[in-house]
Amino acid sequence: MMKKRLEKKMEKRKREQIHRLLDLALDINGLEPRKQAITGSLPTAFFYFSGHTGWAEIQVHSDGWSTEDYPDVNMYADTYSLGRLTDVVRRLNTLKAESPGAATPRDSR
């Protein structure tokens, strides 16, 4: 019984971290189209989740997205490790705070 409770609690925490990654990507981007031709050098973040493998991937283009550029930052986290998810959330939160022109006010300033 106790093991089931701990498993459910751990899954809830992992889901919260994945939701946080998506929220941070939306905080960086906003909901409008985000590419260099429209927004200039404002940062652009991509969030991918692969349900069949349990992987989340975040890509950040610090100077805006264009078809010719590769992301400046690639971060990966599997859903098996709460520590890894937490690390990626922390790194993306730091990138958001350091990004001039992120779509929402930054908490850290």
Side-chain angles (χ1 to χ4, degrees):
M1 185 74 160
M2 186 65 128
K3 185 177 179 183
K4 283 272 193 205
R5 185 179 306 154
L6 285 174
E7 287 174 357
K8 284 188 176 203
K9 189 173 185 179
M10 186 64 74
E11 180 170 339
K12 181 179 179 184
R13 286 184 181 167
K14 290 175 184 177
R15 290 174 64 91
E16 287 170 351
Q17 294 294 57
I18 292 168
H19 291 165
R20 184 70 185 127
L21 287 173
L22 177 57
D23 285 342
L24 286 166
L26 290 171
D27 287 350
I28 291 169
N29 295 333
L31 295 175
E32 301 300 317
R34 193 85 160 177
K35 57 184 176 180
Q36 282 181 339
I38 296 171
T39 59
S41 62
L42 294 178
T44 304
F46 290 80
F47 173 87
Y48 303 97
F49 182 76
S50 299
H52 69 295
T53 59
W55 276 88
E57 177 183 0
I58 303 292
Q59 295 180 345
V60 179
H61 296 257
S62 299
D63 294 321
W65 177 83
S66 77
T67 57
E68 296 86 35
D69 295 331
Y70 291 98
D72 303 291
V73 178
N74 278 310
M75 293 181 269
Y76 303 92
D78 61 67
T79 58
Y80 312 113
S81 168
L82 179 61
R84 183 69 180 134
L85 283 167
T86 301
D87 180 53
V88 171
V89 167
R90 189 177 314 116
R91 288 178 57 205
L92 189 56
N93 203 28
T94 300
L95 282 171
K96 177 189 164 212
E98 294 171 350
S99 297
T104 60
R106 290 169 288 293
D107 300 340
S108 62
R109 294 191 182 176

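Just so we're clear, the structure is a prediction, and the values are computed from it rather than from any experiment.
- With hydrogens and angles ignored, the 3.5 Å screen pairs no side-chain donor or acceptor of Arg20 with any backbone N or O of Thr86.
- Following chains of ILVMFWY side-chain contacts shorter than 4.5 Å, one can reach Leu24 starting from Leu31, so the two form part of one hydrophobic cluster.
- Across Ile58, Ile28, Asp23, a single residue satisfies side chain to side chain contact (heavy atoms under 4.5 Å, CB included) together with Phe47, and that is Ile58.
- Phe46 and Tyr48 have parallel rings, their planes meeting at less than 30° on a 0 to 90° scale where 60° marks the start of perpendicular.
- Taken to the nearest 0.5 Å, the CZ atom of Arg84 stands 12.5 Å off from the CG atom of Leu82.
- With hydrophobic clusters built from ILVMFWY side chains whose heavy atoms lie under 4.5 angstrom apart, Ile18 shares a cluster with Leu22.
- Side-chain contact between Asp87 and Arg90 is present, with heavy atoms from C-beta onward closer than 4.5 Å.
- Nearest heavy atoms, Ala77 versus Leu85: CB-CD2, 3.7 Å.
- Residues Ala25 and Leu92 come closest through the heavy atom pair N-CD2, 4.2 Å.
- Minimum interatomic distance between Asp69 and Gly64 (heavy atoms only, all atoms of both residues): OD2-O, 4.5 Å.
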Asp78/Ser81 under side-chain hydrogen bond (donor to acceptor under 3.5 Å, both in side chains): CA gap, chis, key distance, verdict: CA-CA 6 Å; Asp78 61 67; Ser81 168; 4.9 Å; no

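- Cluster membership check: Phe49 shares its hydrophobic cluster with Val60, using side-chain heavy-atom separations under 4.5 Å among Ile, Leu, Val, Met, Phe, Trp and Tyr.
- Scanning both residues, Asp63 and Asp72, for their nearest heavy atoms gives N-OD2, 4.1 Å.
- Tested against Glu11, the residues Lys14, Arg15, Lys8 include a single side chain to side chain contact (heavy atoms under 4.5 Å, CB included) partner, Arg15.
- Residues Leu95 and Val73 approach most closely at CD1-CG1, 3.9 Å, considering heavy atoms.
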